[in-house]
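I have placed the structure first, in the form of structure tokens, so that the comments after it can refer back to it.
When reading the values below, keep in mind they use all heavy atoms of this one structure, side chains included, and skip hydrogens, waters and symmetry mates.
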Amino acid sequence: MKLLVTGGAGYIGSVVSALLLEAGHEVVVLDDLSTGHEDAVPAGARLVRGTLRGAAAEVLGGGGFDAVLHFAAKSLVGESVEKPGLYWDKNLGESLALLEAMRTAGVPRIVFSSTAACYGEPESTPILETDPTRPTNPYGASKLAIDTTLAEYARLHGIGGVSLRYFNVAGAYGAQGERHTVETHLIPNVLKVALGQGEAVKMFGEDYPTADGTCVRDYIHVADLGRAHLLALDACEPGTHEIFNLGSGTGNSVREVIEVCREVTGRDIPAEVHPRRPGDPAVLIASSDKIQSRLGWKPERDLRAMVSDAWTFLRSR
Ligand code: UDP
């Protein structure tokens, strides 16, 4: 297939691009390089530098595209609270421009990078796709609005759409890994301390109602996540929009993650307790039953593999 990958110079988009190329697809990456990196785009993919508003219509108008995989987005929760307008504009506004470009060019399918943040604070875990969506920040709200828009474009314009709601993505895939300028995620932050970049890991809160008092999250290896996109691509049915959660279905606490990082790196990683980070739910675990039963997807790599691959990637840089 000929595929457009928006945000293909970013962490997840670059991994998925690499997997698509390995599977024999033709990949064009559209990325404005605002947070992505030119050298993260895998060899074999063509990079077009631009925004969705600026360039999607022209690229797709060139013809022959079978589908779009849409990763381009602003994704910092804290920044979204400070600048909600930016998130609505970049996430929803640019996605609308992309959908209109798809419609005009007759591109029939889209796989969208949605998020567990659509659910907000869950009433129960594991979280099902049918659970209430009550995002607690503009980042989650803007992603949920895109899911809603996709459902409308499917119903009214016949596009086939799949939204994958990611939980905590980690790890690396060969030369593709996490390289955020502003790093908020736990595993890369812990590994940076292991590398000597930073004195101690900040553990945000130890008084949550969990077994060890720290927050529990559902970590998923970026390569397992990537594989799900290839299955989702085949599952896009014209006129329908489907949502699938994407997590491993198990939870690990902040303390457990730090312990695995100590074991994998063999380094003594100091950690200190800080106040809770505003807006962090105690436990977020996905039910991935739907994607397992409908698309035959299964997670294959555990937390140790995520940490080990992220560690190899970080030290290679
Ligand atoms: N966390 C932490 N120290 C850090 C980064 C994150 O204690 O330097 C905690 C955070 O409060 C949350 C968990 O680790 O409980 C996962 O956070 P992350 O930002 O990786 O993902 P999120 O679940 O917020 O999407």
Side-chain angles (χ1 to χ4, degrees), residues 6-7 10-13 16 35 69-95 111-151 161-170 178 180 182-189 204-205 208 210 214-220 222 225 228-229 232 241-249 251-252 254 257 276-288 290-291:
T6 75
Y11 172 40
I12 297 170
V16 174
T35 52
L69 295 103
H70 179 29
F71 301 92
K74 304 292 285 177
S75 62
L76 295 172
V77 169
E79 183 186 52
S80 82
V81 175
E82 284 161 24
K83 301 175 188 168
L86 177 71
Y87 275 66
W88 285 104
D89 179 50
K90 294 299 287 183
N91 290 355
L92 181 60
E94 299 252 347
S95 295
V111 177
F112 172 57
S113 158
S114 186
T115 170
C118 290
Y119 298 109
E121 183 93 37
E123 280 167 14
S124 59
T125 56
I127 299 172
L128 295 163
E129 289 83 352
T130 47
D131 282 354
T133 42
R134 298 189 199 107
T136 52
N137 53 64
Y139 164 65
S142 67
K143 287 276 185 170
L144 178 60
I146 300 166
D147 284 346
T148 309
T149 310
L150 284 177
V162 170
S163 292
L164 298 174
R165 290 196 175 147
Y166 308 160
F167 281 63
N168 290 64
V169 188
E178 211 163 356
H180 299 122
V182 180
E183 190 51 80
T184 59
H185 295 122
L186 180 63
I187 292 175
N189 277 345
F204 299 132
Y208 285 96
T210 58
T214 64
C215 289
V216 170
R217 294 288 180 273
D218 182 338
Y219 294 90
I220 171 173
V222 70
L225 181 101
H229 289 73
H241 174 243
E242 284 284 350
I243 294 170
F244 295 98
N245 287 343
L246 207 43
S248 58
N252 289 99
V254 171
V257 169
R276 288 182 177 199
R277 195 171 66 174
D280 274 342
V283 180
L284 286 178
I285 297 175
S287 163
S288 54
K290 183 176 174 188
I291 192 162

Interatomic spacing from [atom1] in [X] to [atom2] in [Y] - rounded to 0.5 Å:
X      : Y      : atom1 : atom2 : answer
Thr130 : Lys290 : OG1   : NZ    : 8.5 Å
Thr6   : Leu69  : OG1   : CG    : 8.0 Å
Ser163 : Glu242 : OG    : CD    : 10.0 Å
Ile127 : Cys118 : CD1   : SG    : 10.5 Å

Any side-chain donor paired with an acceptor under 3.5 Å for [X] and [Y]?
X      : Y      : result
Glu79  : Tyr87  : yes
Ser288 : Asn245 : no
His70  : Ser95  : yes

Expected output: side-chain Ser80 to main-chain Pro84 donor-acceptor under 3.5 Å: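 No, Ser80 side chain to Pro84 backbone: no donor-acceptor pair under 3.5 Å.
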Hey, is the main chain of His185 close enough, under 3.5 Å, to the side chain of Asn189 for a donor-acceptor pair? yes
Aromatic contact between Phe71 and His229, with the criterion being ring centroids under 6.0 Å apart: yes or no?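 Yes, ring centres under 6.0 Å apart.
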Is it true that the NZ or CZ of Arg134 lies under 6.0 Å from the centre of Tyr119's six-membered ring and within 45 degrees of the ring axis? no
Does Arg165 make a cation-pi contact with Phe244 (under 6.0 Å, within 45 degrees of the axis)?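 Verdict for Phe244: no cation-pi partner in Arg165.
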Going through the checks in order, is the side-chain hydrogen bond (donor to acceptor under 3.5 Å, both in side chains) test met by His180 and Thr35? CA-CA 7 Å; His180 299 122; Thr35 52; over 6 Å; no
To check you understand the geometry: which heavy-atom pair defines the closest contact between [X] and [Y], and what is its length?
X      : Y      : result
Ser75  : Tyr139 : CA-CE1, 3.6 Å
Trp88  : Ala141 : CH2-O, 3.5 Å
Asp218 : Ala286 : OD2-N, 3.0 Å

Taking atom NZ of Lys83 as the centre, does the number of heavy atoms from other residues, nucleotides or ligands within less than 6.0 Å exceed 12?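 No - once you tally the heavy atoms of other residues, nucleotides and ligands closer than 6.0 Å, there are 12 at most.
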So, are Glu94 and Lys74 salt-bridged, with charged N and O less than 4.0 Å apart? no
Please walk me through it: do Val283 and Ile285 pass side-chain contact (heavy atoms from CB on, under 4.5 Å)? CA-CA 6 Å; Val283 180; Ile285 297 175; 3.9 Å; yes
